[in-house]
Amino acid sequence: MFKRIKNQIKYMNYLQQSQKSKNKKERYVDDECIIYKKIEANLSSLKKILGASNDIVFREFNIGKSKPTKAFICFVDGMVDKNTINQNILKSLTLEAANTYYDNKDKPTNLFMTVKESILSAAEVSETTSFNDVLDGIMSGATPLFIDGYDRALIIGLREWPSRGVEEPDTEATVRGPREGFTETLRTNTTLLRRKIKTPNFIIESFKLGKQTHTDVCIAYMNGIADLKIVEEVRRRLNRIDTDSILESGYIEQFIEDNPFSLVATVGNSEKPDRVAAKLLEGRVAILCDGTPFVLTVPCLFVEAIQATEDYYARPYLSSLLRILRLGAVFVTLMTPAVYVALATFHQEMIPTVLLITAAAAREGIPFPAFIEALLMGVVFEMLRESGVRMPRPIGQAVSIVGALVIGEAAVQAGIASAPVVIIAAITGISSFIVPALIDSIIYFRLFLLILSASFGLYGIVVGMMVILAHLCSLRSFGVPYLTPFAPTVWKDLKDSFIRAPLWLMQWRPKLITREKSIRQEADARPKKPDSDKGGGYS
């Protein structure tokens with residue numbers, strides 16, 4: 001009993017510390033730093049905090065001429081449009097509307113509200129009494145306005161900074177379908193999703209993560225479709241993050257995944273708005289991070305690795321064949337080196353005689369056993385792939401192609417590796433490119449099976465596959481089994497798994513992801529021929 005009470009107290013203390021750290025990371029300065037009524041005190045406080053940076057601009061001016069009132073604005077040079085500031089703030093307050101509302105009449109009873117409601121010609125204006133909100137606005141590209149005699153400030157949103165335009169992503173090339181991809185600007189990314197999903201049920205919630213970076217992060221979901229328990233779990237895990245910096249969505253992924261020690265990623269990512277929109281409409285939750293074009297989606301399942309966006313844009317027959325091909329590529333890249341080593345080392349009797357003689361002749365004079373041979377060629381292939389990725393694109397492609405040809409041919413001629421091993425390494429590498437979402441985990445699983453095959457032959461491969469399968473069955477992504485709809489088996493969801501049924505047959509959304517509104521379309525959605533007896537069709 002006492003142990004249970006002690007654990008409960010520890011849990012309550014943990015919640016309190018989490019709340020304190022959450023509040024702490026959202027503050028720039030201590031709570032004692034407030035907005036004063038005297039404008040000189042506010043200007044002095046801001047210069048004390050931000051004055052050391054030469055890109056911070058302070059602009060002091062007077063509102064009105066006959067009865068001037070002091071005011072000033074502060075902004076980061078390069079994060080706002082100076083022409084917009086001149087037109088919408090300075091000109092409005094010093095020349096045009098200020099003269100109408102201030103000089104030609106008695107002094108307004110509440111100048112602050114007059115400026116906010118009648119003078120400023122900006123679309124985004126908010127009022128704050130917190131100095132932390134002022135600093136947050138400045139660092140985010142907004143422009144705070146201070147007026148003498150008021151212990152409040154107006155945050156004017158006039159953000160504008162250089163950004164990359166919407167382009168086709170290199171990581172997810174498509175044959176048919178939209179070519180646009182996400183950018184590094186958060187608001188651009190949310191707009192791309194809004195263009196796809198035009199409904200008030202599409203909800204976007206904002207967060208700030210990182211005690212030093214204060215990175216803008218959003219979660220997006222479909223109200224009425226997404227499971228509210230999953231949405232609440234996403235909020236809880238994001239609020240639990242307490243770190244100095246969030247520079248990319250990969251930071252967030254490592255803080256919120258279910259199985260941090262697993263080799264398999266249980267958080268999906270994509271650069272394509274149409275792919276993310278399709279997942280949102282199935283009930284998933286998207287996490288968007290400012291400064292990166294990669295958007296996270298949860299829950300993430302194994303079946304997503306063999307799916308492509310253009311599968312749904314083409315007719316189902318070719319799409320199903322390609323999915324079976326991708327699933328086969330997973331087994332080929334995973335097991336081919338291990339099966340070769342097992343057969344060459346332990347089970348030569350299983351190889352046809354002609355093929356065995358040819359392979360033995362090819363391996364004549366090779367100083368290494370089959371295991372070392374396959375391991376070396378695998379390492380060389382990964383080195384070539386990494387060099388092609390890291391070098392400049394034109395040079396990287398040449399290095400990858402020429403390096404593979406030269407090294408493979410030279411290794412065979414020098415008697416370091418046999419021709420069958422070079423062929424197997426090439427097939428293994430090409431197959432891994434078909435399923436890029438699994439390439440990180442496949443490298444380790446392939447090595448695991450290779451070691452077992454060199455030690456125990458085909459029995460080792462069978463045991464290794466059982467271990468891998470058991471591990472995949474144990475994984476969860478935000479509470480959803482990773483191998484859904486295979487394990488547990490959900491028969492309705494198999495229509496969109498290793499095959500792709502016609503769209504008019506997919507009446508239901510994924511069962512274990514969507515627990516709210518699971519019906520996607522009416523049951524009788526099959527296209528019908530025109531009824532010629534009733535006057536339809538062509539004559």
Side-chain angles (χ1 to χ4, degrees), residues 163-186 188-193 195-196 217-218 220 246-254 257 263-280 284 286-298 300-314 319 322-323 325-327 329-330 333 381-401 428-444 477:
S163 60
R164 182 172 63 93
V166 178
E167 301 171 355
E168 181 179 3
D170 295 328
T171 58
E172 297 178 77
T174 58
V175 177
R176 178 178 180 178
R179 302 302 176 92
E180 59 189 7
F182 290 118
T183 70
E184 287 75 16
T185 305
L186 179 62
T188 301
N189 296 340
T190 57
T191 304
L192 290 173
L193 290 177
R195 286 185 57 207
K196 302 288 183 183
V217 175
C218 291
I246 297 292
L247 301 178
E248 212 270 343
S249 58
Y251 283 56
I252 301 175
E253 178 181 353
Q254 296 175 60
E257 58 185 347
L263 297 175
V264 181
T266 53
V267 178
N269 65 79
S270 178
E271 281 192 88
K272 292 183 64 62
D274 58 325
R275 185 184 182 94
V276 175
K279 291 184 178 183
L280 289 171
R284 291 177 175 84
I287 304 173
L288 299 89
C289 178
D290 190 29
T292 175
F294 287 91
V295 174
L296 306 179
T297 54
V298 293
C300 176
L301 309 179
F302 169 80
V303 72
E304 296 178 36
I306 62 174
Q307 295 174 343
T309 53
E310 58 196 73
D311 290 349
Y312 302 92
Y313 306 147
S319 299
L322 292 178
R323 285 192 181 181
L325 180 65
R326 295 181 197 122
L327 186 61
V330 174
T333 187
F381 185 88
E382 293 301 325
M383 292 173 62
L384 288 172
R385 183 178 68 86
E386 186 67 14
S387 65
V389 170
R390 301 302 169 194
M391 294 184 69
R393 188 172 301 173
I395 303 176
Q397 293 177 352
V399 169
S400 299
I401 297 173
T428 301
I430 293 173
S431 300
S432 66
F433 293 150
I434 299 178
V435 281
L438 298 175
I439 192 169
D440 295 342
S441 56
I442 280 179
I443 292 175
Y444 291 98
S477 178

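Excluded from the calculations below are hydrogen atoms, water molecules and symmetry mates; all remaining heavy atoms, backbone and side chain alike, are included. In this chain, numbering begins with 1 at the start of the sequence shown.
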Are the side chains of [X] and [Y] in touch, meaning some heavy atoms are under 4.5 Å apart?
X	Y	result
D440	L263	no
I439	F433	yes
I430	F381	no
Y444	V264	no

* Asked: Any side chain to side chain donor-acceptor pair (under 3.5 Å) pairs touching residues 430-439, not counting sequence neighbours?
  -> none

Tell me every residue that passes salt bridge (charged side-chain N to carboxylate O under 4.0 Å, His left out) with [X], counting only those two or more places apart in sequence or in another chain.
X	result
R164	E167, E184
E304	K279, R284
E180	R195, K196

* Would you give the length of the straight line joining atom CD1 of I306 to atom CD1 of I434, rounded to the nearest 0.5 angstrom? => 12.5 Å

* Which residues satisfy the side-chain contact (heavy atoms from CB on, under 4.5 Å) test with A278, sequence neighbours excluded? -> none

Residues 287-294 side chain polar contacts: donor-acceptor under 3.5 Å, at least two apart:
residue: D290; atom: OD1; partner: L186; partner atom: N; Å: 3.2
residue: T292; atom: OG1; partner: E248; partner atom: OE2; Å: 2.6
residue: T292; atom: OG1; partner: F294; partner atom: N; Å: 3.2

* Asked: Quick one: does E253's side chain have a donor or acceptor within less than 3.5 Å of a partner on S249's backbone?
  -> no

* To do: Return yes if some donor-acceptor pair links the side-chain N/O of T333 with the main-chain N/O of T428 below 3.5 Å, else return no.
  => yes

State, to 0.1 Å, how close [X] and [Y] come at their nearest heavy-atom pair, and which atoms those are.
X	Y	result
A277	L193	N-CD2, 4.1 Å
T174	E310	CA-OE1, 3.2 Å
A286	V276	CB-CG1, 3.9 Å

* Using the test side-chain hydrogen bond (donor to acceptor under 3.5 Å, both in side chains), find all partners of R323 that sit at least two apart in sequence or belong to another chain. => D311, Y312, D496

* **Y313: partners by side-chain hydrogen bond (donor to acceptor under 3.5 Å, both in side chains), with sequence neighbours left out** => D274

Counting only pairs under 3.5 Å, give me each side-chain donor-acceptor contact of residues 265-272, with atom names and distances, residues two or more places apart or in other chains.
residue: S270; atom: OG; partner: E172; partner atom: OE1; Å: 3.2
residue: S270; atom: OG; partner: E172; partner atom: OE2; Å: 3.1
residue: S270; atom: OG; partner: K272; partner atom: N; Å: 3.1
residue: E271; atom: OE2; partner: T171; partner atom: OG1; Å: 2.5
residue: K272; atom: NZ; partner: P178; partner atom: O; Å: 2.8

